[in-house]
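Below: the structure, in structure tokens.
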Amino acid sequence: MRFPFLSSSCGLLALVGIVAACSSKSSGTATPAAPPPPAAVCKTPGPASARWFSDVTAAYGLGPQGAVTPVASALSAADLDGDGFADVFTEAVTSHRAATDATWKGKQVRFLYMNRPDPSDATKRVFVDALAGSGLLDTRDGAGNRGFGLADMGDLDDDGDVDVVLCPTDEVNPTSKPEDACDAFLNDGKAHFTLAPPSDLGKTVMWVPGSVLFDYDRDGFLDFWPSTVAHWPYNPLDTNVPPKLFRGNGDGTFNDVSVSVGLPAKDALPSTGKQYRHVFGNTACDLDGDGDDDMILASYGREENQVWRNDNGHFVEVGHALGIDHDDRQDYSDDQSFRCFCAANPTDTTCTPMPPAPGVTCTDAFGAGSGPYFRGWQPGVTDQSWSLGGNNFTIACGDIDDDGDMDILSATIVHGDVGSSADPSELALNPGPGQKFTRPGNDKTGLLRKHSGFYWNDGDSMSVMVDIDLDGRKDILLTETGAYGTTDTSALFHQKTDGTFERNDSAAGIVTGSVRNLTIPVFIDIDGDGDLDLVTSQTTATAQPLVFLNNVGQDQNLVRVHLDGGAGTGVNRSAVGAVVRVTAGGRTQTQYVSGGYGHGNVQNDFVLTFGLGAACAIDKIEVRWPDASATVTSYPNVVSNYDVTLTFGKTDPAYGTHAY
């Protein structure tokens with residue numbers, strides 16, 4: 001365990017066997033005795049189902065409903081009405097105010113799917129669209145039909161329910177300009193929302209490809225960091241938006257503190273490493289284990305990723321030092337565009353030694369402006385380290401190898417003709433605070449996808465670490481842009497006992513037939529059996545939402561952990577930024593409570609599901625809370641196979657009413 005989960009006082013108490021919550025706060029009043037824990041439950045897992053998922057889209061109400069055929073390109077999930085079941089918010093690509101958009105042939109493009117009992121069978125669940133009357137389409141000018149394409153969820157005003165921040169995701173250009181800026185909406189606890197007061201958050205209409213809610217200064221109020229885009233070559237109205245951070249005030253309003261926390265206010269040349277980037281996704285994660293969240297920016301266009309290290313509320317860029325800006329594969333001699341350039345310019349000094357002849361037709365037009373050198377090649381620019389990174393969409397953060405540190409998993413587009421300098425989607429492992437991340441390589445981890453020739457693409461857009469079969473080891477899902485037809489498909493990898501991965505998407509039942517490219521995935525328990533089901537959509541012309549029921553997790557031992565920061569405690573009520581460690585069966589797993597991450601925003605339920613496999617006795621659960629002191633609370637001998645609510649300042653777990 002590399003980050004300081006136990007302070008010296010906590011460690012001493014643990015050594016002498018005293019159960020304690022280590023906190024800088026005390027109530028000064030006695031608390032009522034907690035009810036005794038429920039009876040122990042222990043499962044004996046049998047053989048896993050060969051088909052991990054079943055498509056239940058129609059049964060759960062996300063298929064065509066009469067004249068309404070839903071479409072979705074972004075999804076997010078949280079329990080919006082406090083009934084214990086996660087609800088799903090879906091949005092299509094358009095950010096415009098129209099309730100329907102011509103691009104989608106008149107189809108409804110926004111839905112608020114509430115997880116409700118099935119009216120025809122109370123033992124089952126179904127999703128019901130409750131967008132009308134929710135208030136989420138309200139606009140500042142009163143016209144309504146708000147335009148948005150992205151949602152972040154979290155308790156913004158410390159009242160115990162989940163609020164929403166909505167942002168436009170359209171590229172801002174003359175033919176497609178969103179009318180509405182980002183805005184916060186406050187929940188009354190029953191999924192009815194009202195606009196928060198105006199603030200800096202909505203002063204500028206920005207293209208926001210992704211966004212994060214997190215508590216950077218650990219004051220108990222959630223802050224907001226949107227992905228921002230600069231120097232976009234296809235946009236004549238390029239606004240060159242720098243990195244932005246909005247500090248939450250605890251009432252749904254935000255102040256722009258970007259410059260005061262150390263983010264750049266002046267653009268620079270790419271060669272300096274300080275230019276504004278095409279940021280397609282951002283991820284909050286405590287990479288150095290010091291108790292506060294750092295910020296990872298995933299840059300598109302082979303630009304360098306950035307890591308803004310959080311030093312007590314001030315940010316310093318350390319992406320290169322950590323090896324997260326790009327990988328070390330910088331040899332572009334097999335890049336077909338370079339070879340095409342040299343074939344046409346054999347005397348150019350950059351072509352010494354002369355590379356082999358290109359394997360592609362150099363006059364192919366790979367998109368507008370690619371020129372005579374395949375994709376295009378410019379000596380002094382495209383051959384520099386700052387142009388040899390990845391086409392990054394998303395960087396996921398999590399402890400994939402259970403060593404206590406937060407590792408990362410990138411999702412990038414790789415074109416076969418680019419060659420070995422292209423950064424693929426891959427794992428980078430954290431060796432310890434401040435050290436350069438290591439990349440074992442996809443050939444060693446089992447994540448390698450083999451191709452032949454030069455005309456192929458892996459168009460990864462989202463990366464997710466999630467234990468689907470609840471065996472206690474995180475699996476990997478990579479979803480696709482769908483921009484390259486059948487040459488790229490979504491990929492699901494199962495983690496084996498030796499820590500390597502095997503591909504399992506077709507057998508699992510989520511990439512079959514016409515369903516090949518999945519977009520933003522939401523893993524939630526939709527049917528109340530404890531395992532993680534999948535709500536997602538297709539990145540095709542239909543953009544059909546899909547619901548997959550998990551068939552493999554329900555027979556494993558598990559625990560579902562819900563954190564409550566408490567009111568007025570200095571911990572945000574959603575506990576975003578908390579780190580939870582579960583020790584059982586001789587292993588310790590670590591998960592992080594996320595306020596959304598990545599391209600289009602992966603926003604799962606705030607309840608964390610830990611698979612325990614055959615282990616049914618939990619030795620302890622430790623929580624490092626996101627307060628100013630990074631308080632750690634230890635809960636020994638927690639009973640498995642229940643929902644467990646852990647509240648800041650309380651030493652006893654609260655159990656759900658039924659066992660899984």
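Keep in mind the model is a prediction, meaning the values are calculated, not measured. All values below were derived from every heavy atom in this structure, side-chain atoms included, with hydrogens, water molecules and symmetry-related copies excluded.
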- Task: Using atom types as modelled and distance alone, determine if a side-chain donor or acceptor of Asn601 lies under 3.5 Å from a backbone N or O of Ala151.
- Result: yes
- Main-chain N/O of Phe280 paired with His599 side-chain donor or acceptor, under 3.5 Å: yes
- Query: Quick one: does Lys474's side chain have a donor or acceptor within less than 3.5 Å of a partner on Asp399's backbone?
  - Reply: yes
- Message: Do the side chains of Lys436 and Asp328 get close enough for a salt bridge, i.e. N-O under 4.0 angstrom?
- Response: yes
- Which of these, Leu447, Thr445, Ile468, sits in a side chain to side chain contact (heavy atoms under 4.5 Å, CB included) with Ile476? Leu447
- Between Asn550 (side chain) and Leu532 (backbone), is there a donor-acceptor pair under 3.5 Å? yes
- Note on the structure: Arg329 meets the salt bridge (Lys or Arg N to Asp or Glu O under 4.0 Å) criterion, sequence neighbours left out, with Asp327, Glu426
- Task: Check whether the side chains of His320 and Asp325 place a donor and an acceptor atom closer than 3.5 Å, and report yes or no.
- Result: yes
- Message: If we ignore hydrogens and angles and just use 3.5 Å, is the side chain of Trp456 paired with the main-chain N or O of Gly453 as donor and acceptor?
- Response: yes
- Hey, are Asp294 and Asn310 close enough side-chain-wise for a donor-acceptor pair under 3.5 Å? no
- Quick one: do Arg449 and Asp460 make a salt bridge, cutoff under 4.0 Å? yes
- Message: Looking only at side-chain N and O atoms, does Asp469 offer a donor or acceptor that is under 3.5 Å from a partner on His494?
- Response: yes
- Check ion pair Arg473-Asp467 (N to O, under 4.0 angstrom): no
- Query: By salt bridge (Lys or Arg N to Asp or Glu O under 4.0 Å), which residues pair with Asp505, not counting sequence neighbours?
  - Reply: Arg503
- Message: So, applying side chain to side chain contact (heavy atoms under 4.5 Å, CB included) with Tyr597, which one of Asn282, Thr394, Ile395, Leu213 is it?
- Response: Thr394
- Task: Work out which heavy atom in Cys397 is nearest to a heavy atom in Leu287; give both atom names and the distance.
- Result: SG-CD2, 4.0 Å
- Message: So Leu534 and Ile510, do their side chains get closer than 4.5 Å, heavy atoms only?
- Response: yes
- Any donor-acceptor N/O pair, Gln495 side chain to Phe493 backbone, under 3.5 Å: no
- Are Asn572 and Ser574 close enough that a side-chain donor and a side-chain acceptor fall under 3.5 Å? no
- Message: Please enumerate all residues that pass side chain to side chain donor-acceptor pair (under 3.5 Å) together with Ser258, with sequence neighbours excluded.
- Response: Asp256
- How about Phe89 and Phe148: are their ring centres within less than 6.0 Å of each other? yes
- Message: Quick check: do Val547 and Asp533 have side-chain heavy atoms less than 4.5 Å from each other?
- Response: no
